[in-house]
There are 2 protein chains.
Amino acid sequence: MELEQLTECYKAMADRTRLNILALLRHEELCVCELVEILQMTQPSISQHLRKLKQAKLVKERRNSQWIFYSIDGEMYPFIKANLEALPDMSEKIEQLKASGGKVCC
Amino acid sequence: MELEQLTECYKAMADRTRLNILALLRHEELCVCELVEILQMTQPSISQHLRKLKQAKLVKERRNSQWIFYSIDGEMYPFIKANLEALPDMSEKIEQLKASGGKVCC
DNA sequence: TTAGTATATAACCATATGTTTATATAGAAT
DNA sequence: ATTCTATATAAACATATGGTTATATACTAA
């Protein structure tokens with residue numbers, strides 16, 4: 001692959017928050033406010049991390065009414081599956097979100 | 001895996017020069033001065049990039065007389081092979097080095 | 001239209017990063 | 001011992017990055 005593209009990919013993954021986001025999206029698509037709730041960070045911060053991931057083509061977005069749902073993309077990287085599998089399991093965080101009624105339903 | 005360790009790994013890979021180094025080492029172990037020659041960068045710059053790669057446990061070193069040879073490590077990352085395979089082929093650069101007599105022989 | 005919610009963008013700031021120049025260390029050769 | 005070669009480290013600087021606050025945009029609901 002092109003070094004430029006690979007560099008952008010690894011730059012996008014070179015941050016704890018963004019790895020957390022990818023680890024969460026591995027379970028299911030989530031909207032910005034859900035990520036804000038789970039990761040306990042400000043909305044602009046999460047949005048900017050998502051933008052980086054999107055620019056690197058690691059996530060894609062889907063609008064549904066006022067929410068924008070993000071999910072894993074990564075088609076273009078042959079190694080992406082192996083990398084995602086190494087991320088820690090975050091299912092508990094998602095369960096907590098659902099239990100606390102913080103899940104957007106639509 | 002631990003997020004801390006993964007972040008360090010991707011930080012180490014999030015640089016064009018370091019991806020170049022990994023792509024080169026994929027073919028064979030090389031010493032610092034060979035990397036300097038191939039990548040046309042200053043020796044301190046290459047040394048510092050190698051230090052980052054070493055700290056992330058992506059490369060290991062072996063001293064032989066006055067030279068220090070670096071090679072791929074990455075044992076600790078289950079995904080490392082898939083990632084290395086996506087790097088561009090640099091065999092031509094190594095051939096050029098050998099042809100120009102710049103290869104250290106020992 | 002107006003108010004409310006979700007998200008994005010911009011401006012600002014502190015910290016991290018990569019490069020350069022200068023210097024230190026380690027081993028080899030004389 | 002002294003000199004030479006290979007490599008590492010340190011200091012300085014410019015640029016990149018991530019977080020915060022403020023504001024803009026997009027959609028919904030009344």
Side-chain angles (χ1 to χ4, degrees), chain A residues 3-4 6-22 24-25 29-56 58-71 97 101-106, chain B residues 3-4 6-22 24-25 29-56 58-71 97 101-106:
Chain A
L3 267 192
E4 291 305 329
L6 289 173
T7 306
E8 196 181 357
C9 171
Y10 293 124
K11 270 181 195 284
M13 297 187 74
D15 177 270
R16 187 194 176 84
T17 299
R18 290 194 292 272
L19 286 186
N20 261 317
I21 292 175
L22 291 175
L24 286 163
L25 295 183
E29 68 170 12
L30 293 167
C31 67
V32 182
C33 60
E34 292 169 333
L35 290 167
V36 167
E37 174 69 20
I38 295 175
L39 297 175
Q40 292 286 300
M41 294 181 65
T42 64
Q43 174 266 315
S45 183
I46 296 292
S47 276
Q48 292 183 65
H49 283 302
L50 286 168
R51 181 168 49 174
K52 281 212 171 180
L53 288 171
K54 190 175 64 176
Q55 280 173 182
L58 284 166
V59 305
K60 54 178 187 278
E61 59 180 42
R62 170 181 78 84
R63 173 153 228 145
N64 186 328
S65 162
Q66 74 254 63
W67 296 280
I68 299 179
F69 288 86
Y70 284 87
S71 56
L97 179 75
K103 193 78 183 74
V104 171
C105 42
C106 53
Chain B
L3 268 192
E4 292 305 328
L6 289 172
T7 306
E8 196 183 357
C9 171
Y10 293 124
K11 271 181 194 285
M13 298 188 74
D15 177 89
R16 188 195 175 83
T17 300
R18 290 193 292 270
L19 286 186
N20 261 316
I21 291 175
L22 290 175
L24 286 162
L25 296 184
E29 66 170 12
L30 294 166
C31 66
V32 182
C33 62
E34 292 169 334
L35 290 167
V36 167
E37 173 68 19
I38 295 175
L39 297 174
Q40 293 285 299
M41 295 180 64
T42 64
Q43 174 265 314
S45 185
I46 296 291
S47 277
Q48 292 184 66
H49 284 302
L50 285 169
R51 180 167 51 174
K52 282 213 171 184
L53 289 170
K54 190 175 62 175
Q55 281 173 181
L58 283 166
V59 305
K60 54 178 186 277
E61 59 181 42
R62 169 180 78 86
R63 173 153 226 147
N64 186 329
S65 160
Q66 73 253 65
W67 295 280
I68 299 180
F69 289 87
Y70 284 86
S71 57
L97 179 75
K103 193 77 182 71
V104 171
C105 41
C106 53

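In what follows, chains carry the letters A, B, and so on, assigned in the order in which the sequence lines appear, proteins first and then strands, with residues in each chain numbered from 1. Hydrogens, waters and symmetry mates play no part in the numbers below; they use all other heavy atoms, side chains included.
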Nucleic acid contacts of residues 10-19 of chain B, taken as heavy-atom distances under 4.0 Å to DNA chain D: none
Non-hydrogen atoms of A56(A) and C9(A) that approach each other most closely: CB-CA, 4.2 Å
Minimum heavy-atom distance between E29(A) and S71(A), given as atom pair plus value: CB-CB, 3.8 Å
Atom-pair distance (CD on E8(A); C1' on dA16(D)), nearest Å: 14 Å
Whole-Å distance separating the NZ atom of K54(B) from the P atom of dA8(D): 7 Å
E34(B) to C31(B) - nearest heavy-atom pair and separation: OE1-N, 2.9 Å
Under-4.0 Å side-chain N/O to phosphate OP1/OP2 contact, Y70(B) with dA8(D): yes
Close side-chain approach of L25(A) to L53(A), heavy-atom, < 4.5 Å: no
Flag side-chain contact, heavy atom, 4.5 Å: L50(B) against L35(B): yes
Flag side-chain contact, heavy atom, 4.5 Å: V59(B) against L22(B): yes
Rounded interatomic separation in angstrom, taking CD from E61(B) and C1' from dT9(D): 14 Å
Spacing of F69(A) atom CZ relative to dT7(C) atom C1', expressed in whole Å: 13 Å
Spacing of NE2 belonging to H49(B) relative to CG belonging to N20(B), to within rounding of 0.5 Å: 10.0 Å
Distance in angstrom units between E29(B) CD and dT7(D) P, rounded: 12 Å
Nearest non-hydrogen partners of V32(B) and Q43(B), listed with the distance: CG1-CG, 4.3 Å
Rounded distance (Å) that lies between atom C1' of dG18(D) and atom CD of Q40(A): 18 Å
Where L58(A) and A12(A) come nearest, the two heavy atoms and their spacing: CD1-CB, 3.7 Å
Side-chain N or O of H49(A) closer than 4.0 Å to phosphate OP1/OP2 of dG19(D): yes
Where E37(A) and L97(A) come nearest, the two heavy atoms and their spacing: CG-CD1, 3.4 Å
Phosphate-side-chain proximity, K52(B) and dG18(C), N/O vs OP1/OP2 below 4.0 Å: yes
With sequence neighbours excluded, residues passing salt bridge (charged side-chain N to carboxylate O under 4.0 Å, His left out) with K54(A): E61(A)
Flag, side chain of R63(A) to backbone of S65(A), donor-acceptor distance under 3.5 Å: yes
Whole-Å gap separating C1' (dT9(C)) and CZ (R51(A)): 6 Å
Dot-bracket notation for DNA chain D, counting Watson-Crick and G-U pairs under 3.5 Å, with | for partners on another strand: ||||||||||||||||||||||||||||||
Return the polar atom pairs (N/O with N/O) between nucleotides 26-30 of chain D and the protein under 3.5 Å, or none.
none

Spatial distance of atom CD1 (I21(A)) from atom CG (L30(A)) [nearest 0.5 Å]: 10.0 Å
For atom CD1 of I46(B) and atom C1' of dT5(D), their distance in whole Å: 18 Å
Residues forming a side-chain contact (heavy atoms from CB on, under 4.5 Å) with R51(B), sequence neighbours excluded: Q48(B), Q55(B)
Could you go through nucleotides 20-23 of chain D and list every protein N or O atom that sits under 3.5 Å from one of its N or O atoms, giving the distance for each pair?
| unit_1 | atom_1 | unit_2 | atom_2 | d |
| --- | --- | --- | --- | --- |
| dT20(D) | OP2 | T42(A) | OG1 | 3.3 |
| dT20(D) | O4 | Q48(A) | NE2 | 3.1 |

